[in-house]
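Report on one structure; see the data block that follows.
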Amino acid sequence: MTTPEAPPHLSPAAARAHFRAGGARPTAGWAPGHLQANLVSVPSDWATDLEQFCRLNPQPCPVLDVTAPGAWHTGLAPDADLRTDLPRYRVWEDGTLVDEPGDVRGHWREDLVTFLLGCSFTFENALTEAGIPLRHVEQGRNVPMYLTNRPCRPGGRLSGPLVVSMRPVPARLVAGAWRASASIPAAHGGPVHVGDGAHLGIRDLDRPDFGDRVDLLPGDVPVFWACGVTPQAALMAARIPFAITHAPGYMFITDARDKEYRVA
């Protein structure tokens with residue numbers, strides 16, 4: 001196994017400028033100590049459905065901010081442009097993925113309402129502080145994500161399965177990983193399952209639905225967290241006429257500090 005270079009510890013503004021200039025890579029480990037966010041932009045006539053879906057499924061869909069129709073700015077990073085400052089986006093038509101650009105200004109619509117949702121990359125700083133290794137970062141890979149057999153609660157026209165991310169954790173450190181992640185409910189909180197992925201309907205950890213395969217080392221156990229890709233599965237199932245999302249693992253880096261969102 002080769003050890004990749006560590007992601008640059010840039011400021012959030014510098015990271016966004018890098019992505020705006022065309023840099024594209026998963027954001028795990030970038031701007032440690034800052035909040036990262038999933039992005040979901042839907043036409044205004046679908047915004048109530050998405051709001052209901054998020055409210056009924058707060059663990060995979062913790063809402064951090066919602067914009068006005070057509071707006072591409074957020075108080076979480078006032079100088080950012082939500083159309084350009086993520087490393088990679090996804091564009092959907094009738095529930096089908098049609099493009100994965102690094103800039104969506106050409107796809108933007110004045111009726112789009114953008115939801116920024118908490119991301120598990122945020123609590124990875126707390127995991128590191130607790131001495132828990134991040135295998136996907138060590139291996140230079142995107143975190144693996146899986147569709148599960150657990151249905152979300154329907155919200156309006158949106159329904160679909162829970163999506164989870166998986167991180168291998170040494171068995172002796174699982175309790176610490178649980179405590180560290182549970183301290184940030186705005187970033188999905190504690191795990192939804194520890195151990196055999198078959199209990200979630202996951203047949204093969206080496207074949208994630210999103211992201212990359214990650215190797216477990218001797219003594220590791222798979223630990224699964226709710227994932228902000230869950231709304232994308234619901235948008236696909238609903239065959240939404242149009243939407244823009246982040247590409248899984250390619251997140252929006254905010255100026256907000258993760259410590260501001262930690263709870264006892």
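Residues take their numbers from the sequence shown, with the count starting at 1. Please read these numbers as outputs of a predicted model, since none were measured by experiment.
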Does any N or O in the side chain of [X] come within less than 3.5 Å of the main-chain N or O of [Y], such that one atom is a donor and the other an acceptor?
{"X": "Asn38", "Y": "Leu117", "value": "yes"}
{"X": "Arg135", "Y": "Leu216", "value": "no"}
{"X": "Asp65", "Y": "Leu116", "value": "no"}

Show the numbers, then the answer: is there a salt bridge (Lys or Arg N to Asp or Glu O under 4.0 Å) between Arg16 and Asp81? CA-CA 9 Å; Arg16 294 192 299 267; Asp81 188 326; over 6 Å; no

Does any donor atom in the side chain of [X] or [Y] lie under 3.5 Å from an acceptor atom in the other side chain?
{"X": "Asp258", "Y": "Thr122", "answer": "no"}
{"X": "Arg167", "Y": "Ser120", "answer": "yes"}
{"X": "His107", "Y": "Asp99", "answer": "yes"}
{"X": "Thr114", "Y": "Trp72", "answer": "no"}
{"X": "Trp92", "Y": "Thr245", "answer": "yes"}
{"X": "His246", "Y": "Arg88", "answer": "no"}
{"X": "Glu124", "Y": "His136", "answer": "yes"}

According to a hydrophobic-cluster definition based on side-chain heavy atoms being under 4.5 Å apart (Ile, Leu, Val, Met, Phe, Trp, Tyr only), do Val194 and Leu173 belong together? yes

Between Leu39 and Ile244, is a side chain to side chain contact (heavy atoms under 4.5 Å, CB included) present by the stated rule, with each step listed? CA-CA 8 Å; Leu39 178 144; Ile244 294 173; 4.3 Å; yes

Given the rule in the side chain to side chain donor-acceptor pair (under 3.5 Å) test, do Gln36 and Thr27 qualify, once you have shown the distances and angles that lead to the verdict? CA-CA 8 Å; Gln36 296 198 30; Thr27 55; 2.6 Å; yes

Taking only residues two or more places apart in sequence, or in another chain, which ones meet Arg207 in a side-chain contact (heavy atoms from CB on, under 4.5 Å)? Asp204

Please list, chain by chain and in numerical order, all residues satisfying ring pair (Phe, Tyr, Trp, His ring centres under 6.0 Å) with Trp46, sequence neighbours excluded.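 Ring pair (Phe, Tyr, Trp, His ring centres under 6.0 Å) check on Trp46 returns nothing, list empty.
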
